[in-house]
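Here is the structure we will look at, set down as C-alpha cells.
These numbers were taken from a predicted model, which means no experiment stands behind them. Lettering follows sequence order; numbering is per chain, from 1.
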Amino acid sequence: MAAMDGDQRQMMEGAAEDKFPDGLRVLAVDDDCVCLKVLHNLLHGCKYHPTTVTDAKTALKILRSGKEKFDVVITDVRMQDMDSFKLLELIRLEMDLPVIMLSEDCDKKAVTEGINHGACDYLVKPVHTNELKNIWQHVERKRKSEAIRHISGDDDDDQRAQLGTAGKSNDGANTDENKENTQASTTQKKPKVGWTIELHTKFMEAINQIGLYRATPKKILEMMNVDFLTRQNVSSHLQVYFRPSFFIFHMFVFHLFIV
DNA sequence: ATTGGAATAT
DNA sequence: TATATTCCAA
C-alpha cells in the first residue's frame with residue numbers, strides 16, 4: 001500500500017528535506033478534554049500519530065505496559081491525579097522518553113522545575129502547529145545522544161556549555177566529519193563514552209535513588225540501565241565527579257542556575 | 001573472585 | 001581536560 005503519496009509537498013520552511021517523521025508516535029496527556037482534543041488535532045495535522053489520555057495514571061500504565069511504543073510524551077503541568085513532575089520523573093527514569101511540558105502560562109518557576117526534572121522542552125498554551133512541527137527534533141537529538149558512535153564527543157558541546165564546563169570552548173575550525181561507519185569492519189572502535197546531560201542526569205538520579213553513601217559503580221550502572229556503559233565508565237565518571245573542586249564548582253553553577 | 005577507587009595513561 | 005585503563009586493597 002502506498003500510504004504516502006506526494007509526501008514531498010513539504011513546506012518551504014521545513015528545511016529538513018531528508019525525512020520528516022510522519023507518524024511520530026506522540027502520547028499526549030491532559031486532563032482538560034478540550035485542550036486534549038485541540039492538541040490531538042494539531043498533532044494529527046502535523047502528520048504525527050497521537051494517542052491521548054486524560055490522566056497521568058493511565059499514561060503511565062500505557063507506557064509501562066509497553067504495548068504501544070512512543071517517541072515523545074507531551075504532558076500538561078497541571079493535572080489532578082498525579083503531579084506532572086512525578087510523571088516526568090518516572091518516565092525519565094524508567095523509559096527515558098523525551099518529555100515536553102505544557103503549561104497555561106509561562107511560569108518561570110514551573111519551567112525551571114520542569115527542566116530540572118528532565119523535561120526536554122516547555123510549551124505554553126495555546127500551542128501552535130509550528131511548535132509541534134519541531135518536537136520531532138527532540139526525538140532525533142535523543143537518538144543521537146544515545147547512539148554514542150562518535151570519535152570524540154564534541155558533538156554535544158552545546159550541552160556541555162550549559163553545564164558551564166570551563167566556559168572556554170575551542171572554536172577551532174574543527175569541522176566534524178559525518179563519517180558514516182559502514183559495518184565493513186568490526187564496529188568495535190573503542191567508543192569513548194560521552195557524558196551528555198542526559199547521561200549525567202541519569203547518573204545523578206541513580207545516585208539519588210541509591211543514596212549518596214551507598215552509591216557504588218555497580219549499583220549506579222544497574223540503576224542507570226544504559227547498555228553501552230560499563231562499570232569502569234561509571235567508576236571513572238564517579239571519580240572525576242566527586243573530586244572536591246569539581247563538586248564545589250558544580251554546586252556553584254547549580255546555585256546560579258536555580259536563582 | 002570480584003569490586004571500589006586511587007593512580008596513572010591516553 | 002575528559003575519559004580510559006591499570007593496579008591494588010578489601
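- Side-chain contact between A/Asn41 and A/Val38 is absent, with no heavy-atom pair separated by less than 4.5 Å.
- The distance from atom CG of A/Leu221 to atom C1' of C/dA4 is 16 Å, rounded to the nearest whole Å.
- With rounding to whole Å, A/Ile210 atom CD1 is found 15 Å from B/dT3 atom P.
- Side-chain heavy atoms closer than 4.5 Å link hydrophobic residues (I, L, V, M, F, W, Y) into clusters, and following such links, possibly through other members, connects A/Leu43 to A/Leu123.
- With hydrogens and angles ignored, a donor-acceptor pair closer than 3.5 Å exists between the side chain of A/Ser235 and the base of B/dG5.
- Taking atom CZ on A/Arg231 and atom P on B/dA6, their separation rounds to 14 Å, with Å as the unit.
- Rounded to whole Å, atom P of B/dT3 lies 14 Å from atom CD1 of A/Ile220.
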Protein-nucleic acid N or O pairs under 3.5 Å, nucleotides 7-9 of chain C:
none

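- For the side-chain contact (heavy atoms from CB on, under 4.5 Å) test with A/Val72, the passing option among A/Val99, A/Leu24, A/Leu97 is A/Leu24; the others fail.
- Put simply, CH2 on A/Trp195 is 14 Å from P on C/dA2, counting in whole angstrom units.
- Within the structure, every side-chain polar atom (N or O) of A/Asn233 is placed at least 4.0 Å from both OP1 and OP2 of C/dT3.
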Can you check side chain to side chain contact (heavy atoms under 4.5 Å, CB included) on A/His49 and A/Val26, steps first, answer last? CA-CA 6 Å; A/His49 183 269; A/Val26 183; over 6 Å; no
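- The side chain to side chain donor-acceptor pair (under 3.5 Å) test applied to A/Thr129 returns no partner, not counting sequence neighbours.
- A parallel orientation is assigned to the rings of A/His237 and A/Trp195, their planes being inclined by less than 30° (bins at 30° and 60°).
- Contact between the side-chain N/O atoms of A/Lys218 and the OP1/OP2 oxygens of B/dT3 is found at a separation under 4.0 Å.
- Whole-Å rounding puts the A/Leu238 CG to C/dT3 P distance at 13 Å.
- A/Thr216 comes within 4.0 angstrom of sugar-phosphate atoms only, judged by non-hydrogen atoms across all strands, and of no base.
- Listed by first then second residue, pairs satisfying salt bridge (charged side-chain N to carboxylate O under 4.0 Å, His left out) with a partner in residues 48-71 of chain A read A/Arg25-A/Asp71, A/Arg64-A/Glu94, not counting sequence neighbours.
- Atom NZ in A/Lys192 sits roughly 14 Å away from atom P in C/dT1 (whole-Å rounding).
- Rounding to whole angstrom units, CD of residue A/Gln239 and P of B/dA9 are separated by 14 Å.
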